[in-house]
Visitor: 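My structure is below; once you've seen it, I'll send some questions.
In what follows, residues are counted from 1 in the order of the sequence shown.
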Amino acid sequence: GYNGSAWYRFSFTGSADLAGKNLALHLGFIDDVDEVWFNGVKIGTSGNFPPDYRSAYNAYRIYYLPASLVNFTSKNTIAVRVYDAQLEGGIMSGDPGIYENETYITPDIDLEGNWKFIPGDSSVFMGDIVNDSAWKEVIVPSYLENQGFSQFEGYGWYRLSFDHKKIDLKSQLLLLLGKIDDFDEVYLNGRLIGKTGNMKDAKVEYIQSEEWMQNRVYTIPAGLIRTDRPNILAVRIFDAFQQGGIYSGPIGIIKKDRYDAFIRKAYNKDE
């Protein structure tokens with residue numbers, strides 16, 4: 001008969017076999033709302049906690065797990081905060097565990113995790129100097145509706161600051177932004193480097209659109225990544241209805257030759 005908030009915790013010793021693989025934490029179906037931490041870092045949320053309550057009881061939870069968070073030879077701890085409104089509650093069904101996604105390439109520079117987001121639209125947001133301290137922190141990739149934006153539709157902006165560590169600037173680089181619902185324009189250090197969908201007439205174009213299912217892969221122009229100060233990635237999105245945002249990975253920067261080899265291998269496997 002319990003309704004309300006509660007916590008789950010689980011600890012395990014890592015395995016060296018997980019190193020270098022793309023990992024995801026599967027938690028199955030949770031009734032009604034959850035927030036998930038891995039070794040103290042928030043990696044996902046579904047539904048909205050009160051007072052803006054919204055259930056996600058029918059969503060199968062899969063949260064991307066950055067390898068940088070995993071202790072491969074020592075203790076790891078998963079903590080799950082849940083909220084149940086009525087009837088049954090908690091982690092209800094599924095096969096919880098850590099799984100490898102063999103069809104998901106790991107970028108050379110992982111950009112998954114905490115980004116900034118604001119609903120609305122302004123050309124100012126593409127630039128370097130923007131005060132985003134009041135923007136909400138969100139997890140990428142994850143639907144916006146699972147992170148407090150239950151009524152979101154229309155335009156919005158993501159922003160992320162990152163440095164150039166471990167980036168081989170002599171190689172041709174690609175930006176991977178996974179899948180975005182529905183349209184997007186992507187700016188790196190104030191310069192447009194790619195777009196999917198017609199943002200100018202987004203509501204009209206959406207009627208026949210399947211862009212929300214496309215993987216975003218954008219070429220980074222040579223010399224655009226800075227080495228003397230952080231780089232700014234700004235993503236303008238448009239969501240027509242229902243769920244929206246950067247909802248699936250991979251998210252990061254990768255050498256073009258690595259990506260091309262991965263695609264060739266995947267294509268040959270399909271054949």
Side-chain angles (χ1 to χ4, degrees), residues 18-25 38-44 63-72 98 100-117 125-128 130 132 135 137-142 157-180 184-196 214-237 245-266:
L18 298 177
K21 297 180 179 179
N22 185 273
L23 305 174
L25 175 64
F38 192 93
N39 288 336
V41 178
K42 186 176 178 181
I43 63 169
Y63 297 123
Y64 295 102
L65 181 57
S68 59
L69 296 181
V70 181
N71 298 320
F72 296 110
I98 294 175
E100 178 187 7
N101 187 346
E102 295 181 347
T103 64
Y104 186 110
I105 189 170
T106 301
D108 296 306
I109 302 297
D110 184 7
L111 298 180
E112 294 180 359
N114 295 325
W115 290 47
K116 292 293 190 73
F117 178 80
F125 296 155
M126 73 177 69
D128 277 3
V130 175
D132 58 12
W135 295 27
E137 191 171 274
V138 296
I139 294 171
V140 172
S142 181
W157 284 82
Y158 290 87
R159 282 177 63 86
L160 177 72
S161 175
F162 68 94
D163 61 29
H164 68 284
K165 291 180 180 178
K166 299 181 181 179
I167 298 179
D168 181 4
L169 298 180
K170 296 180 181 179
S171 300
Q172 187 172 357
L173 301 174
L174 303 176
L175 174 66
L176 307 181
L177 277 181
K179 296 179 180 179
I180 300 176
D184 63 278
E185 292 177 346
V186 181
Y187 299 84
L188 178 59
N189 296 329
R191 179 174 170 181
L192 179 67
I193 65 169
K195 61 181 181 178
T196 299
Q214 297 179 10
N215 284 303
R216 269 59 169 184
V217 182
Y218 298 130
T219 299
I220 299 177
L224 186 57
I225 291 184
R226 301 186 295 228
T227 60
D228 58 338
R229 62 189 189 279
N231 297 274
I232 302 297
L233 187 60
V235 182
R236 181 190 183 207
I237 67 163
I246 306 174
Y247 70 91
S248 176
I251 311 295
I253 295 173
I254 190 170
K255 295 179 182 178
K256 185 178 184 299
D257 56 357
R258 270 197 67 220
Y259 181 79
D260 290 345
F262 176 83
I263 294 299
R264 285 195 298 268
K265 182 178 179 181

Visitor: List the atom of I246, the atom of L177, and the distance in Å for their closest heavy-atom pair.
Guide: CG2-O, 3.7 Å
Visitor: Which residues satisfy the salt bridge (Lys or Arg N to Asp or Glu O under 4.0 Å) test with D257, sequence neighbours excluded?
Guide: none
Visitor: At their closest point, which heavy atom of A234 faces which heavy atom of W157, and how far apart are they?
Guide: CB-CZ3, 4.0 Å
Visitor: Verify side-chain contact (heavy atoms from CB on, under 4.5 Å) between I98 and V70, making sure each step is shown before the conclusion.
Guide: CA-CA 11 Å; I98 294 175; V70 181; 5.9 Å; no
Visitor: Does R229 have any side chain to side chain donor-acceptor pair (under 3.5 Å) partners at least two apart in sequence or in another chain, and if so, which?
Guide: none
Visitor: Using 0.5 Å steps for rounding, measure from the CD atom of E137 to the NZ atom of K42.
Guide: 8.0 Å
Visitor: Quick one: side-chain contact (heavy atoms from CB on, under 4.5 Å) partners of T196, sequence neighbours excluded?
Guide: D184, E211, Q214, R216, Y218
Visitor: Considering all heavy atoms of both residues, which atom of L174 and which atom of T219 are nearest to each other, and what is their separation?
Guide: CD2-OG1, 3.7 Å
Visitor: Report the residues that fulfil ring pair (Phe, Tyr, Trp, His ring centres under 6.0 Å) with Y158, sequence neighbours left out, ordered by chain and then residue number.
Guide: F117
Visitor: Give the minimum heavy-atom separation between L233 and F162, together with the two atoms involved.
Guide: CB-CE2, 4.2 Å
Visitor: Indicate whether any N or O donor in one side chain lies under 3.5 Å from an N or O acceptor in the other, for S142 and Y63.
Guide: no
Visitor: Please enumerate all residues that pass side chain to side chain donor-acceptor pair (under 3.5 Å) together with S161, with sequence neighbours excluded.
Guide: none
Visitor: Considering only heavy atoms from C-beta outward, does the side chain of V130 approach that of K116 to under 4.5 Å?
Guide: no
Visitor: Side chain to side chain donor-acceptor pair (under 3.5 Å) with E112: which residues, sequence neighbours excluded?
Guide: Y104
Visitor: NE2/H164 to CD1/I225 distance, rounded to the nearest 0.5 angstrom?
Guide: 10.0 Å
Visitor: Could I get the full list of ring pair (Phe, Tyr, Trp, His ring centres under 6.0 Å) partners for Y259, not counting sequence neighbours?
Guide: none
Visitor: Quick one: list whatever passes salt bridge (Lys or Arg N to Asp or Glu O under 4.0 Å) with R159, sequence neighbours left out.
Guide: D132
Visitor: Listed by chain and number, what are the side-chain contact (heavy atoms from CB on, under 4.5 Å) partners of L69, not counting sequence neighbours?
Guide: F38, V41, I43, P66
Visitor: Any chance you could measure I109, atom CD1, to L175, atom CG, to the nearest 0.5 Å?
Guide: 12.0 Å
Visitor: Show the nearest heavy-atom pair for residues N215 and G249, with the distance to one decimal.
Guide: OD1-O, 4.5 Å
Visitor: Go through the structure and list residues passing side chain to side chain donor-acceptor pair (under 3.5 Å) with N231, not counting sequence neighbours.
Guide: N189
Visitor: List for me each residue that meets side-chain contact (heavy atoms from CB on, under 4.5 Å) alongside K21, sequence neighbours excluded, and say none if there are none.
Guide: L23, E100
Visitor: As an exercise, state the distance from CD of Q172 to CD1 of I220, rounded to the nearest 0.5 Å.
Guide: 10.0 Å
Visitor: For a side-chain contact (heavy atoms from CB on, under 4.5 Å) check, start with the C-alpha distance between I139 and N114, then their side-chain angles and the critical distance, and finish with the verdict.
Guide: CA-CA 5 Å; I139 294 171; N114 295 325; 3.8 Å; yes
Visitor: A side-chain contact here means heavy atoms from C-beta on lying under 4.5 Å apart; do Y64 and P250 qualify?
Guide: no
Visitor: Could you tell me which non-hydrogen atom of V235 sits nearest to which non-hydrogen atom of W115, and how far apart they are?
Guide: CG2-CZ3, 4.1 Å
Visitor: Just to verify, which of I105, I253, I251 counts as forming a side chain to side chain contact (heavy atoms under 4.5 Å, CB included) with L176?
Guide: I105
Visitor: Is a donor on one side and an acceptor on the other found under 3.5 Å between the side chain of R258 and the backbone of F262?
Guide: no
Visitor: Please determine whether side-chain contact (heavy atoms from CB on, under 4.5 Å) holds for the pair K256 and V217, giving the CA-CA distance in whole Å, both sets of side-chain angles, and the decisive distance to 0.1 Å.
Guide: CA-CA 10 Å; K256 185 178 184 299; V217 182; over 6 Å; no
Visitor: List in chain and number order the residues that pass salt bridge (Lys or Arg N to Asp or Glu O under 4.0 Å) with K179, two or more places apart in sequence or in another chain; answer none if no residue qualifies.
Guide: none
